[in-house]
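Since the structure comes first, as structure tokens, the remarks are kept for the end.
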Amino acid sequence: GLASTRTDSDQGHHVSLKTQLLTLMDGVTSTDGAVTFVGATNRANNVDPAVLRRLRRHVHVDMPDREARVDILRKMLPRLLGRDGPALEDEELGRVADATEGMSGSDLNEVCRAAHMAAVLRRCSERGVDVKEACRCRSAADVARLRQRMAAKKEDGGEEGVSGVGADDVLQAARALKAATAAQATE
């Protein structure tokens, strides 16, 4: 990373870039507080000590506790699904929050996104929509177009659109993310 601890194995361009960053940080002076550096990392122990010395205040934000995870999920799921109301019942949110212990807000966002995609793929399959096309969705506009096509192909009398994310989808996505994270940690 850009501000990671320097080592003897750093490549020349990395060393030059880090040196330039530190030089620029040294050159910035402000008596009225008009210049503020903000950095964020989930690997604080890997930040170069020279960078830490130049950043005078360090704020540690703990991982969300169970209640915070429930709140995060309560807000994220409806937003991802394009709904106004709750995406999951309170009991289901509690089960998901328990299963996501140790995950950050960013991790929870990824879990919700993966669960949503699983539901999209399942619904595509049920409605005969090309799954490869669904996998190419990269923006909200892409998903909206897909929803319109799926609603047009609706034949089963079920709910329109690509909703249908359930607690099992979210739990499966959480398990997959934990497995992937554990695999990366052992590499």
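Throughout, numbering of the chain's residues begins at 1 and tracks the sequence.
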Approximate separation, where rounding is to 0.5 Å, of Asp168 CG and Arg175 CZ:
7.5 Å

Evaluate the side-chain proximity of Thr41 to Asn46: yes if any heavy-atom separation is below 4.5 Å, no if none is.
no

Could you measure the distance from the CZ atom of Arg66 to the CG atom of Leu93? Nearest 0.5 Å is fine.
9.5 Å

Using every non-hydrogen atom in the two residues, find where Ala119 and Val165 come nearest and quote the distance to one decimal.
CB-CG2, 3.5 Å

Contact summary for Met76 and Leu108, nearest pair of heavy atoms:
SD-C, 3.9 Å

Leu17 and Leu21: CA distance, side-chain angles, deciding distance, side chain to side chain contact (heavy atoms under 4.5 Å, CB included) verdict
CA-CA 6 Å; Leu17 189 60; Leu21 172 69; 6.0 Å; no

Tell me the closest heavy-atom pair linking Ala97 and Val70, and the distance in Å.
CB-CG2, 3.5 Å

With a 3.5 Å distance limit and no angle check, can you tell me whether Arg69 reaches the backbone of Pro64 through a side-chain donor-acceptor pair?
yes

Salt bridge or not between Glu92 and Arg95? Use side-chain N to carboxylate O under 4.0 Å.
no

Taking all non-hydrogen atoms of both residues into account, name the closest pair between Leu55 and Met25 and its distance.
CD2-CE, 3.8 Å

Assess the residue pair Leu77 and Val170 against the criterion (side chain to side chain contact (heavy atoms under 4.5 Å, CB included)); give the C-alpha distance rounded to whole Å, side-chain angles, the decisive distance to 0.1 Å, and a yes or no.
CA-CA 10 Å; Leu77 283 168; Val170 183; 4.2 Å; yes

Correct closest heavy-atom pair for Arg122 and Asp169 would be NH1-OD1, 2.8 Å

Heavy-atom check, side chain of Met63 versus side chain of Glu101, under 4.5 Å:
no

Quick one: do the Asp107 and Ser104 side chains pair a donor with an acceptor below 3.5 Å?
yes

Is it true that Arg74 and Asp71 make a salt bridge, defined as a side-chain N closer than 4.0 Å to a carboxylate O?
yes

Counting C-beta onward and ignoring hydrogens, is there a side-chain heavy-atom pair between Val96 and Leu88 closer than 4.5 Å?
yes

